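Structure first, then comments.
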Amino acid sequence: MEEIYGIKYTKPEVVLLQDTGIGVAEAAARTCYDSFENSENNVIKSIRNTLPDESMKEELNSIMESDLLDNLAWTYFHHSILEHANLSYLIRGTSRGVLQEHARHRIQAISVRSTRYTMSSIINAFVASINGGDKEFFIQKVLSYDMFVTADEEYNRLEISAMYDKLMFQSQRVEDFLSIAVAKSSLGFVEEFNGDAQKLYEALEAGKKKRNVGDAFKHIISDNVKVDMVVTFNLRSLKNYLTLRDSGAAYFQIRWLAEAMKAATPKKYLDLIVKEK
């Protein structure tokens, strides 16, 4: 947690899910120059005249260092060869604001927690709050979700209060609000538990979720909402990402993400893309 400009924020968590190794990148480079025999890695030397079997591929993918890749990366700046190495990260607890900047790095695969499908609990809390509860009921429920990167409860109450006000505005404009908020099979709960917000909330949570509920309600959430995602970079693209985002000139939240990704990246990759100062 860190306080920036008077607001406390939590920082994202990052885990490296998988990496392909640097051996394939060296094999690709050696193919260009037909220089397999010059490698310090015996399995690379063997590839010149032998198609790799399973044990050779395992050895190839466990290579920890490559003089050729180091020269290409730092002497000749031939970074395209690094595209043969890929790394996938699980990212938890960055923000929607960061997501907008992160997505500008186009050479990546990215899968993000969808607000279209994952807003049911928020809407259930609102439906319960207007059928036996009140605004405070809604605020307390949403506070329990830990859904913001902002860490000040007082500030988050302002966020949630604004969400409630937007939903209330919408509910007064849409003639059959429940039809866009609750799955058809769960509509009976509203009448059955009307006046008991907690029981209604529990029933809606246990019932079928309305498909694509976020389509009608994405407008209520801000850039402070937490985002989870899985991203895959090739090593050249990761170099560009860390160069731009692990920098004092970067937006502080994406800098935190870049720092966490860097910390989760094995040294054999960092040696090829991050020049120690």
Side-chain angles (χ1 to χ4, degrees), residues 12-92 94 98-99 101-112 228-247 250 254-255 257-277:
E13 298 177 305
V14 176
V15 173
L16 181 67
L17 294 178
Q18 67 90 23
D19 58 295
T20 59
I22 62 173
V24 172
E26 182 181 345
R30 295 286 179 194
T31 298
C32 295
Y33 300 109
D34 197 14
S35 61
F36 296 94
E37 70 280 0
N38 294 332
S39 177
E40 72 273 29
N41 294 298
N42 289 330
V43 67
I44 297 289
K45 292 179 180 179
S46 302
I47 290 176
R48 177 66 181 84
N49 297 306
T50 306
L51 285 175
D53 57 19
E54 290 302 317
S55 64
M56 289 176 68
K57 287 188 285 186
E58 184 176 345
E59 185 178 352
L60 180 71
N61 291 327
S62 65
I63 287 174
M64 298 301 293
E65 294 181 339
S66 168
D67 291 340
L68 176 61
L69 291 182
D70 188 71
N71 284 333
L72 291 175
W74 297 116
T75 302
Y76 302 105
F77 305 104
H78 187 2
H79 297 140
S80 63
I81 211 70
L82 301 179
E83 294 175 9
H84 290 283
N86 292 277
L87 302 93
S88 297
Y89 302 87
L90 171 62
I91 297 168
R92 290 240 168 101
T94 193
V98 166
L99 175 61
E101 296 204 12
H102 185 91
R104 295 174 187 165
H105 293 267
R106 293 171 180 82
I107 306 176
Q108 63 171 306
I110 179 170
S111 299
V112 184
D228 296 342
M229 54 187 172
V230 173
V231 299
T232 299
F233 281 89
N234 70 57
L235 194 54
R236 186 185 194 180
S237 186
L238 184 64
K239 173 182 173 63
N240 173 258
Y241 184 86
L242 294 180
T243 298
L244 294 177
R245 303 306 186 178
D246 184 20
S247 159
I254 201 169
R255 184 173 69 249
L257 176 55
E259 290 169 351
M261 290 173 63
K262 182 179 176 181
T265 302
K267 182 177 183 297
K268 63 182 178 182
Y269 300 106
L270 294 179
D271 286 346
L272 298 174
I273 63 174
V274 176
K275 199 71 172 177
E276 292 299 332
K277 297 177 182 177

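Just so it is clear, the model here is predicted, and its values are computed rather than measured.
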Lys/Arg-Asp/Glu bridge criterion (N-O < 4.0 Å) met for Asp53, Lys57: no
Check: Gln108/Ser237 side-chain N/O donor and acceptor closer than 3.5 Å: no
Donor-acceptor contact below 3.5 Å, side chain Ser46 vs main chain Asn42: yes
Side-chain touch Asn38/Tyr33, heavy atoms, less than 4.5 angstrom: no
Residue pair Ile47 / Pro52, side-chain heavy-atom distance below 4.5 Å: yes
Derivation of the side chain to side chain contact (heavy atoms under 4.5 Å, CB included) call for Thr20 and Asn61: CA-CA 7 Å; Thr20 59; Asn61 291 327; 5.8 Å; no
Partner of Tyr241 by side-chain hydrogen bond (donor to acceptor under 3.5 Å, both in side chains), out of Arg236, Arg104, His102: His102
Derivation of the side chain to side chain contact (heavy atoms under 4.5 Å, CB included) call for Val15 and Glu13: CA-CA 7 Å; Val15 173; Glu13 298 177 305; over 6 Å; no
Leu17 atom CG: more than 12 heavy-atom contacts under 6.0 Å: yes
Arg30 side-chain N/O to Ser35 backbone N/O, donor-acceptor pair under 3.5 Å: yes
Among Asp246, Leu16, Val14, Leu87, the one residue meeting side-chain contact (heavy atoms from CB on, under 4.5 Å) with Met261: Val14
Residue pair Tyr269 / Asp19, side-chain donor-acceptor N/O under 3.5 Å: yes
N/O donor-acceptor pair under 3.5 Å between Ser62 side chain and Glu59 backbone: yes
Trp74 (side chain) donor-acceptor with Asp271 (main chain) under 3.5 angstrom: yes
Stepwise side chain to side chain contact (heavy atoms under 4.5 Å, CB included) check, Leu90 with Met229: CA-CA 6 Å; Leu90 171 62; Met229 54 187 172; over 6 Å; no
Side-chain heavy atoms of Arg245 within contact of Leu257, under 4.5 Å: no
Polar side-chain atom of Glu101 near backbone of Ile254 as donor-acceptor pair, under 3.5 Å: no
Under 3.5 Å side-chain donor-acceptor pair for Tyr89 and Thr265: yes
Pair Ile91-Asp228, side chain to side chain contact (heavy atoms under 4.5 Å, CB included): steps then yes or no: CA-CA 6 Å; Ile91 297 168; Asp228 296 342; over 6 Å; no
Shortest non-hydrogen contact between Leu242 and Ala258, atoms and distance: CD2-O, 3.6 Å
Side chains of Leu99 and Ile110 in contact at under 4.5 Å (non-hydrogen atoms): yes
Flag, side chain of His79 to backbone of Ala73, donor-acceptor distance under 3.5 Å: yes
Side-chain donor/acceptor of Ser39 to backbone N/O of Asn41, under 3.5 Å: yes
Glu40 atom CD, neighbour heavy-atom count above 12 within 6.0 Å: yes
Electrostatic pair Lys45:Glu37 at N-O distance under 4.0 angstrom: no
